[in-house]
Amino acid sequence: MSSLRCIAKHPAISLIESSTTLNELKQIHTQLLVNSLLNDHHLLGQFVASIALHNPNNLYYSNHVLSQCPNPTLFTFNSMIRAYSKSSTPHKSFHFYKRILRSDDNLSPDNYTFNFLVRTCAQLSARETGPSVHCAVVKHGFENDPHIQSGLIFMYAELGWLSSCHQVFGEIPEPDVVCQTAIVSACAKCGDVGFARELFDKMPQRDPIAWNAMIAGYAQCGKSREALNLFHLMQMEGVKVNQVCMVSVLSACSHLGALDQGRWAHAYIERNKLPMTLTLGTALIDMYAKCGDMNKAMEVFWGMSEKNVYTWSSAMSGLTMNGFGKKCLELFSLMKQDGIHPNEVTFVSVLRGCSVVGLVDEGREHFDSMRRVYGLEPQLEHYGCMVDLYSRAGRLDEALNFINSMPIKPHAGAWGALLNACRMYKNRELGELASRKIVELEAKNHGAYVLLSNIYADSKNWDAVSNVREIMKAKGVRKLPGCSVLEIDGEVHEFLVGDKSHPRYNEIELMLGEISRRLKLAGYVANTNPVLFDIEEEEKEDALCQHSEKVAIAFGLISLREGMPIRIVKNLRVCWDCHDVTKLISRLFNREIIVRDRNRFHHFKDGECSCKGYW
DNA sequence: CTAGGGTTAG
């Protein structure tokens, strides 16, 4: 075995690279000690580096071995910095940087050192360390290293300092495609997608990664249509599409709720045999979940051989969003059995699941376990979920107590959950309090006014209703115009409230009349009171036909084959009247109607909705 | 023997 000492890669190193458990590492370590191989400083350093690079979960073991290493080399230190830059405690990289500077062997940091340190700073998003590392880069004369340059752009983008990105980029005489892509990505990340696109269009050569960066940029800032358009352009130009790109494409489909396009993307992945990575599988689950096809989402989920916390959380969030609170909680148990550690995001779904199912005590236990068992500090979202949990169960006083005992200042969302319950349980007094608090926090929160006015309308207090309306006018509170989208054969049809510009509007109008006729026959009386002032106020239109999702449903009925569910994505929450009407339509027309509003899904079937009337 | 740009959940 000792004859192998001179070979660059010792067989033990290969073993380390493939070992995942601490025990395996310890065995190799013992083996090396037995063979006296670790007296060789070079091999010991390589051993430390290999553990660090290939066993990121066992970094403390690298530290342990390193402590037995009398004179680590620069290579060893660099490897430790690199490993820590990717760990959950990136700041520890600096410990090794200091050791380089203080070393007895007169080590001095090299281009590798700084490259890794820059990545550490990006990871840290720390406002001071980034620029000081940048200074050190200049001081040591590495500012012309292209690896470090692209790293600096990435780092400043993570900090949100777009002008610094531009400055670094501007000082590169002939930036290569990597640095050009980095600046495109930085602009998109920092909110200037328009400029990112200009730079992208000006790139003399665009490789697949550059395309992906631009598509991802669009997807991340919510410009999903642009993301898909660029993806189609990419295909027309014959650029090779890979699995990373498809993650962004699926993400765009998720946001749009575009099931047809999402299905197409899935088929494309299979047709082109793109590797089904963990990330890609997770993106697929998210796409199906956000498009309302939870069966398919779970099919993908169960088919995945490896799942991480993102995968589980995506599935769990999809289940609660689609009204399967109980299944979400079951999945949470399985996840823990699988040894996956939940994080803050996971708990949002857990608490929402409890809320939907009405498990107040269990929810409380999960909430308490966040800190006690998992060391997770509850965030505003979790407090909001707890308020919703109590509120939904009708325990409004407990909800209020919970808000009042929050260690952080309650946000509009917490009061909003209470206000929503006040509408459900017709509690005028508490509703007034909640909406006053919301307006204090967000003077132009349209939803708060609407819910309050609905509470007044329910108690037929019309003076108060018009008073709220006056206040809104005085404060210039504007609501977002309602908009519903549905996809027919992959083509997206958008319906804005009151907009009659659709080429088939005549047919739609006929169908709206037919709906109206059947509803009346079924004994439906338009609930006109709340319509006086609704989530989607529209004064001039006929009360029954005004809201965008009704128009979209009518269009769905005339353009989708019988038996095909109508899938609608709405930018606002569904109003009471539309909810009632949609339930009826699902029965009268024997049609499944799936509406994604801004918070959750409503699956309407046989006159019932999956939300059971609380949303 | 170590490096660069693009990807997922609330």
Side-chain angles (χ1 to χ4, degrees), chain A residues 7-10 13 17 42-43 45-50 52-53 73-83 85 110-119 122 142 145-155 157 169 175-186 188-189 200 203 206-217 219-220 242-251 254 277-287 289-290 307-318 320-321 342-352 379-382 384-385 413 599:
Chain A
I7 295 179
K9 198 174 198 174
H10 191 280
I13 302 302
E17 288 173 6
H42 187 82
L43 186 55
Q46 198 178 337
F47 184 64
V48 171
S50 294
L53 297 183
T73 60
L74 186 59
F75 167 68
T76 306
F77 283 132
N78 282 349
S79 300
M80 290 302 283
I81 294 174
R82 185 202 144 177
S85 76
D110 64 0
N111 47 336
Y112 289 93
T113 317
F114 284 112
N115 188 21
F116 301 144
L117 278 183
V118 167
R119 315 263 149 207
F142 292 117
D145 184 316
H147 293 92
I148 294 177
Q149 286 162 338
S150 57
L152 285 168
I153 294 170
F154 177 70
M155 179 192 82
F169 185 72
D176 59 13
V177 67
V178 176
C179 286
Q180 289 175 40
T181 309
I183 191 72
V184 166
S185 177
K189 244 186 246 173
F200 175 80
M203 285 175 71
R206 290 181 287 256
D207 62 12
I209 295 186
W211 282 87
N212 293 351
M214 195 59 235
I215 292 170
Q220 284 162 357
N242 66 12
Q243 70 280 10
V244 176
C245 183
M246 292 314 287
V247 171
S248 294
V249 169
L250 286 169
S251 166
S254 298
T277 58
L278 191 50
T279 312
L280 186 57
T282 304
L284 261 180
I285 293 170
D286 184 58
M287 182 279 290
K290 292 221 176 86
K307 306 179 185 76
N308 64 8
V309 65
Y310 283 82
T311 322
W312 288 93
S313 301
S314 297
M316 286 170 61
S317 136
T320 51
M321 241 180 357
N343 62 18
E344 288 91 343
V345 179
T346 322
F347 271 102
V348 171
S349 294
V350 172
L351 297 178
R352 289 210 179 129
Q379 304 163 341
L380 280 173
E381 289 86 346
H382 304 101
C385 289
N599 292 329

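Chain letters run A, B, ... following the sequence lines, proteins first, then strands; residues in each count from 1.
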Selected nucleotide, minimal atom distance to [X] side chain, candidates [options]:
| X | options | answer |
| --- | --- | --- |
| A/C179 | B/dG4, B/dG6, B/dG10 | B/dG4 |
| A/S79 | B/dT2, B/dG5, B/dT7 | B/dT2 |
| A/S313 | B/dA9, B/dT7, B/dG10 | B/dA9 |
| A/D286 | B/dT7, B/dT2, B/dG10 | B/dG10 |
| A/V309 | B/dA9, B/dG4, B/dT7 | B/dA9 |

Confirm from the modelled atom types if [X] and [N] form a donor-acceptor pair under 3.5 Å, side chain to base only.
| X | N | result |
| --- | --- | --- |
| A/D176 | B/dG5 | no |
| A/D207 | B/dG5 | yes |
| A/N242 | B/dG6 | yes |
| A/T181 | B/dG5 | yes |

To the nearest angstrom, how far is [X] atom [atom1] from [N] atom [atom2]?
| X | N | atom1 | atom2 | answer |
| --- | --- | --- | --- | --- |
| A/Y112 | B/dT2 | OH | P | 6 Å |
| A/L43 | B/dC1 | CG | C1' | 11 Å |
| A/N343 | B/dT8 | CG | P | 15 Å |
| A/L284 | B/dT8 | CG | P | 14 Å |
| A/D145 | B/dG4 | CG | P | 11 Å |
| A/F169 | B/dG4 | CZ | C1' | 14 Å |
| A/L280 | B/dG6 | CG | C1' | 14 Å |
| A/R352 | B/dA9 | CZ | P | 14 Å |

Does a side-chain N or O of [X] approach OP1 or OP2 of [N] to a distance below 4.0 Å, or not?
| X | N | value |
| --- | --- | --- |
| A/R119 | B/dG5 | yes |
| A/K290 | B/dG10 | yes |
| A/Q220 | B/dG6 | no |
| A/Q243 | B/dT8 | no |

Q. Looking only at heavy atoms, which two atoms of A/K290 and A/S254 are closest? And how far apart?
A. CB-O, 3.7 Å
What contact category does [X] fall into here, base, sugar-phosphate, or nothing, at under 4.0 angstrom with non-hydrogen atoms?
| X | value |
| --- | --- |
| A/Q149 | nothing |
| A/F154 | sugar-phosphate |
| A/V177 | base |
| A/K307 | nothing |
| A/A216 | sugar-phosphate |
| A/Q180 | nothing |
| A/S314 | sugar-phosphate |
| A/S349 | nothing |
| A/C385 | nothing |

At what distance, to the nearest 0.5 angstrom, does [atom1] of [X] lie from [atom2] of [Y]?
| X | Y | atom1 | atom2 | value |
| --- | --- | --- | --- | --- |
| A/N111 | A/N115 | CG | CG | 8.0 Å |
| A/T76 | A/I81 | OG1 | CD1 | 11.0 Å |
| A/L278 | A/T311 | CG | OG1 | 4.5 Å |

Q. Within the side chain of A/S79, is there an N or O that forms a donor-acceptor pair under 3.5 Å with the backbone of A/F75?
A. yes
Q. Counting distance only, does the side-chain N/O of A/S185 pair as donor-acceptor with the main-chain N or O of A/A182 below 3.5 Å?
A. no
(Q) Ring-plane angle category for A/F114 and A/F142, please: parallel below 30°, perpendicular beyond 60°, tilted otherwise. (A) tilted
